[in-house]
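Right, one structure below, let's go through it.
Each chain gets a letter, A, B and so on, in the order the sequences are listed, and its residues count up from 1. Every value quoted in this text rests on a predicted model; they were computed, and no experiment measured them.
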2 protein chains.
Amino acid sequence: MAPAAPQPQAPDTKTRILDAAARLFHEQGFNATGVSTILREASVNPGSLYNLFPSKDALLGAVLERYTELLYPVVMKPVEDKTADPIDRVFALLQQYRDWFAPLDFRLGCPIGNLALEVADSHPEIRPLIQQNFDGWSAFVEKWLTEAGDRLPQLLDRKQLAATVLTVMEGGLMQARSSRSAMAYDASVAQLRTYFDLLLSQAQSEGGSGERASRSSGV
Amino acid sequence: MAPAAPQPQAPDTKTRILDAAARLFHEQGFNATGVSTILREASVNPGSLYNLFPSKDALLGAVLERYTELLYPVVMKPVEDKTADPIDRVFALLQQYRDWFAPLDFRLGCPIGNLALEVADSHPEIRPLIQQNFDGWSAFVEKWLTEAGDRLPQLLDRKQLAATVLTVMEGGLMQARSSRSAMAYDASVAQLRTYFDLLLSQAQSEGGSGERASRSSGV
DNA sequence: GGCATGATTGAATGTTCACTCAACACTTGA
DNA sequence: TCAAGTGTTGAGTGAACATTCAATCATGCC
């Protein structure tokens with residue numbers, strides 16, 4: 001296929017639809033977004049959309065598939081490029097998310113999280129795609145935590161902690177959106193930071209080689 | 001249908017509407033719930049509903065007002081009755097929430113949280129009511145943490161930690177709903193428990209009277 | 001040039017949406 | 001017994017909804 005590209009880029013129909021749909025679902029939610037609005041914003045006629053996507057639900061599915069594809073290049077790569085230390089990467093991710101939404105006064109939430117609560121149990125074929133997105137996020141964080149090796153306590157469950165990082169992001173953002181303020185998000189991240197500091201110092205006192213957890217908590 | 005009033009009590013129109021609306025908004029979301037469905041479930045005609053509530057949005061507002069009113073008697077009082085220790089109350093609350101939603105395989109989320117993400121930035125007059133609910137939850141947890149006194153580190157910000165508890169609940173439940181599994185919720189609660197244990201033992205080592213935080217983390 | 005194929009057009013479909021309102025029923029106080 | 005007030009009835013409103021499809025267009029291949 002010869003890419004005869006006169007303009008820097010003139011996105012094709014499918015791309016325009018996906019871009020518009022993703023943006024509108026994020027801004028207004030799935031149910032509150034009419035197909036006619038997507039058509040207008042994408043400059044497309046209904047027949048074209050329904051030639052490419054059999055239904056509005058299928059379009060939502062395609063949007064979520066694309067979120068999965070974009071997870072690494074858009075979300076994770078910038079973090080990994082900017083930050084080398086695996087533990088710092090966790091908090092760089094949380095900071096990056098803050099930087100995205102703070103300028104808009106937290107008017108928007110996580111695009112995945114919003115859809116998760118809106119369509120999770122009404123669209124059986126969509127829920128797995130949401131789960132797939134969360135799993136992807138969680139897997140990256142878990143990878144970093146594993147790379148941190150013995151800087152974290154031996155008995156600490158990396159998967160559990162990774163899930164908690166995602167929890168902090170989503171739960172914090174939900175409150176930020178409700179209050180139009182960063183407070184609860186920042187508070188949750190700060191507490192997570194303190195928790196990590198305690199874990200790091202606990203691991204440090206675990207010392208040299210294989211040693212059973214001796215102090216206070218079982219982890 | 002002829003049963004005039006065999007039951008102990010036949011709730012009045014307003015109550016029937018609020019009950020049905022609250023249940024349907026919770027199960028299906030606000031936008032996905034048609035007024036006609038509410039009317040059917042409440043056995044009410046449209047004119048009656050619109051005599052009591054000027055619009056569907058106003059009905060949503062009334063539902064959220066009622067959530068605020070029910071926060072103590074339905075959510076917090078059972079926890080306080082069952083559990084005396086202030087720190088244990090935090091985890092009793094998290095457990096109670098789990099017990100509510102686990103039997104349904106986490107098909108439903110937090111009624112407030114769902115609405116928070118669905119209507120927070122499209123309904124300016126509703127958002128404050130959601131925030132008011134979150135503030136209420138957070139205030140109770142903060143009260144308990146304050147009652148814990150010097151069992152927690154002196155410099156620990158109780159308000160921040162209370163916000164984090166809410167974060168864990170909402171973020172964990174969102175993931176539970178997406179995966180139809182308690183895993184991420186339990187993981188987040190377990191990590192919070194570990195964090196609390198570390199904080200408790202840190203406070204213990206702060207010892208007798210007024211003392212600056214000496215160890216590792218600043219909190 | 002001719003033709004097959006897939007993309008695009010856009011008016012029209014039937015359905016569902018939130019909401020209205022004139023008529024009616026019931027309670028209450030005089 | 002009646003008048004006033006409050007709550008209820010339910011068919012009906014126009015608008016918006018997701019979706020369809022016969023017709024038209026653009027493109028690649030022989």
Side-chain angles (χ1 to χ4, degrees), chain A residues 1-7 9-64 115 118-119 122-126, chain B residues 1-5 9-64 115 118-119 122-126:
Chain A
M1 188 62 75
Q7 296 300 326
Q9 50 203 10
D12 67 355
T13 309
K14 191 166 192 171
T15 307
R16 290 207 314 281
I17 293 174
L18 283 172
D19 284 349
R23 205 190 74 245
L24 290 164
F25 290 164
H26 186 198
E27 290 173 359
Q28 318 186 354
F30 176 71
N31 288 304
T33 299
V35 173
S36 62
T37 310
I38 299 173
L39 297 171
R40 185 173 2 101
E41 303 273 305
S43 302
V44 158
N45 293 319
S48 288
L49 189 152
Y50 282 92
N51 178 53
L52 293 164
F53 306 98
S55 69
K56 190 189 174 190
D57 286 2
L59 173 55
L60 172 61
V63 166
L64 281 165
L115 293 170
E118 191 177 359
V119 302
S122 60
H123 292 65
E125 75 286 1
I126 295 294
Chain B
M1 65 175 71
Q9 50 201 9
D12 68 356
T13 310
K14 191 165 191 173
T15 306
R16 289 206 315 279
I17 293 174
L18 283 172
D19 284 349
R23 204 189 74 244
L24 290 164
F25 290 163
H26 187 199
E27 288 172 2
Q28 319 185 350
F30 176 72
N31 287 305
T33 299
V35 173
S36 62
T37 310
I38 299 172
L39 296 171
R40 184 173 3 98
E41 303 273 305
S43 303
V44 159
N45 292 320
S48 288
L49 189 152
Y50 283 92
N51 178 52
L52 293 164
F53 305 98
S55 69
K56 190 188 175 192
D57 286 2
L59 173 56
L60 172 60
V63 167
L64 282 165
L115 293 170
E118 191 178 358
V119 303
S122 60
H123 292 65
E125 75 287 0
I126 295 295

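Under the salt bridge (Lys or Arg N to Asp or Glu O under 4.0 Å) criterion, Arg16(A) pairs with no residue at all, not counting sequence neighbours. Scanning for side-chain hydrogen bond (donor to acceptor under 3.5 Å, both in side chains) contacts around Thr37(A) gives an empty result, with sequence neighbours left out. Remark: Ser122(B) engages Val119(B) in a side chain to side chain contact (heavy atoms under 4.5 Å, CB included) (not counting sequence neighbours). With sequence neighbours left out, Asp19(B) forms a salt bridge (Lys or Arg N to Asp or Glu O under 4.0 Å) with Arg66(B). Shown here are the side-chain hydrogen bond (donor to acceptor under 3.5 Å, both in side chains) partners of Thr15(A), two or more places apart in sequence or in another chain: Asp12(A).
Using five terminal pairs a side, the axes of the helix from dG1(C)-dC30(D) to dA30(C)-dT1(D) at its two ends make an angle of 0°, given in steps of 10 degrees.
Between Gln28(B) atom CD and Thr33(B) atom OG1 the span is 4.0 Å, to the nearest 0.5 Å. Asn51(B) contributes atom CG, which lies 12.0 Å from atom CG of Asn45(B) (distance to the nearest 0.5 angstrom). With rounding to the nearest 0.5 angstrom, the CD1 atom of Ile17(B) is 4.0 Å from the CG atom of Leu49(B). The CD1 atom of Ile126(B) sits 4.0 Å away from the CG atom of Leu60(B) when rounded to the nearest 0.5 Å.
At distances below 3.5 Å, at least one donor-acceptor pair connects side-chain atoms of Glu118(B) with backbone N or O atoms of Asn31(B).
For DNA chain C, the residues of residues 24-33 of chain B within the heavy-atom distance limit of 4.0 Å (strictly under) are Thr33(B), sorted by number. DNA chain D is contacted by Tyr50(A), Ser55(A), Lys56(A) of residues 49-62 of chain A, taking any non-hydrogen atom closer than 4.0 Å. Contact check of residues 36-47 of chain B against DNA chain C (heavy atom, cut-off under 4.0 Å) returns Ser36(B), Pro46(B), Gly47(B).
Looking only at side-chain heavy atoms (C-beta outward), Leu18(B) and Phe53(B) come within less than 4.5 Å of each other. No side-chain heavy atom of Val35(A) sits under 4.5 Å from any side-chain heavy atom of Leu59(A).
Residue pairs meeting the ring-ring contact (aromatic ring centres under 6.0 Å, His included) criterion with at least one member in residues 28-50 of chain A, sequence neighbours excluded: Phe25(A)-Phe30(A), Phe30(A)-His123(A). Applying the salt bridge (charged side-chain N to carboxylate O under 4.0 Å, His left out) test to pairs two or more places apart or on separate chains, those with a residue in residues 26-53 of chain A are Arg23(A)-Glu27(A), Arg23(A)-Glu41(A).
A nucleotide of DNA chain C counts as in contact with chain A when one of its atoms lies under 4.0 Å from a heavy atom; the first and last such, 5' to 3', are dA7(C) to dA11(C).
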